[in-house]
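Before any comments, here is the structure.
First listed ligand is number 1; within each ligand, the first listed atom is number 1.
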Amino acid sequence: MNEISPVTDAATDTPVKATPALPDAQTVTEVKHWTDKLFSFRCTRPASLRFRSGEFVMIGLMGEVNEKTGKQKPLLRAYSIASPSWDEEMEFYSIKVENGPLTSRLQHIKVGDEIILRPKPVGTLVHDALIPGKRIWFFATGTGFAPFASLLREPQTYEDYDEVIITHTCRTAGELTYGRELIEGLKDDELLNEVIGDGFWKKIKYYPTTTREESPKMGRITDLINSGEAYKDLDVAPLCPDNDRAMICGNMAFNLELKDMLEKAGLEEGANSKPAQYVVEKAFLD
Ligand code: A2P
């Protein structure tokens with residue numbers, strides 16, 4: 001394999017820092033393809049960027065040159081930050097949409113490439129938007145797992161709750177891999193073991209389900225909860241407003257259905273300005 005030497009300044013022989021060609025440019029440090037439709041990547045983090053685990057930022061690439069004006073505009077989309085607030089890099093988890101203006105190109109990024117990252121984090125899937133409780137439910141479908149990849153690596157999640165239940169519903173078993181590997185990796189997470197204590201991961205109950213391919217647990221989480229099957233499998237009491245807090249992130253129909261279920265169970269929607277018992281976000285792309 002050929003090794004590429006870093007660019008050096010001939011006079012001093014010190015490496016020359018690449019000048020970002022893009023506004024708010026960050027450099028890609030790792031890319032992983034999970035299925036033909038899903039990938040994740042890591043990039044450098046702006047030194048001044050502070051965010052709360054669970055928030056999202058706008059990221060993207062420079063768009064095509066406008067034939068009339070000769071100008072290029074950034075092509076940006078909202079992406080949940082999948083890395084926790086303490087991580088020195090940023091991580092994102094994305095779908096690949098064949099004709100999607102951004103993801104059709106973003107899926108081809110390589111280590112060393114630059115992306116645009118607007119350093120203005122926002123979002124409602126944050127601990128600050130919930131009042132204290134005993135148990136927290138993270139409900140995800142598809143790439144809606146991303147903010148929970150951040151929150152599951154956030155010490156506060158285990159400081160605030162006795163039990164953390166993460167449900168992830170995907171069409172196929174392969175689409176669960178990113179989440180499954182991340183959760184398995186938590187056992188060896190040095191920071192969490194140190195800050196929260198050995199065996200902190202025993203607080204986590206992971207409930208992966210598929211809807212269009214055979215797997216150990218089939219079905220939509222909404223149906224599995226409504227029938228009581230999920231409670232039985234997890235060996236937990238049904239949702240109740242006194243003990244339970246929840247965060248929802250998936251496609252629009254899922255978000256609405258689950259929101260309705262939580263409301264019927266007596267939970268109230270919270271916000272940064274008015275913390276309550278559950279919060280919802282949409283993970284929409286293209
Ligand atoms: P299904 O295969 O039955 O539609 P998508 O890829 O369309 O965003 O869906 C991701 C996962 O979310 C799929 O397993 C899908 O199940 C499930 N899903 C879609 N809509 C809902 C909903 N309203 N309630 C629960 N699960 C849903």
Only heavy atoms of [X], strictly under 4.0 Å: list the atoms of ligand 1 that pass.
X	answer
Thr211	1 (P), 2 (O), 3 (O), 13 (C), 14 (O), 15 (C), 16 (O)
Arg212	1 (P), 2 (O), 4 (O)
Thr169	11 (C), 14 (O)

Worksheet item: How close does the nearest protein non-hydrogen atom get to atom 22 (C) of ligand 1, and which residue and atom is it?
Response: Arg220 NH1, 3.3 Å
Fill in: Lys96 and its side-chain hydrogen bond (donor to acceptor under 3.5 Å, both in side chains) partner, picked from His108, His33, Gln107
His33
Worksheet item: Out of Asn251, Leu258, Thr141, whose heavy atom is nearest to atom 9 (O) of ligand 1?
Response: Asn251
Item to complete: Could you tell me whether the side chain of Arg135 and the main chain of Asp162 form a donor-acceptor pair under 3.5 Å?
Response: no
Worksheet item: Side chain or backbone of Glu257 under 4.0 Å from ligand 1, or both, or neither, by non-hydrogen atoms?
Response: side chain
Item to complete: Under 4.0 Å, heavy atoms only, figure out whether ligand 1 is touched by the backbone of Thr222, its side chain, both or neither.
Response: side chain
May I have the list of side-chain donor-acceptor pairs in residues 177-186 shorter than 3.5 Å, sequence neighbours left out?
from	atom 1	to	atom 2	distance (Å)
Thr177	OG1	Gly174	O	2.8
Tyr178	OH	Glu91	OE2	2.5

Worksheet item: In terms of side-chain heavy atoms, does Arg52 have a donor or acceptor partner in Asn272 at a distance below 3.5 Å?
Response: yes
Worksheet item: Hey, does Cys170 come in under 3.5 Å of ligand 1, counting only N/O atoms on both sides?
Response: yes
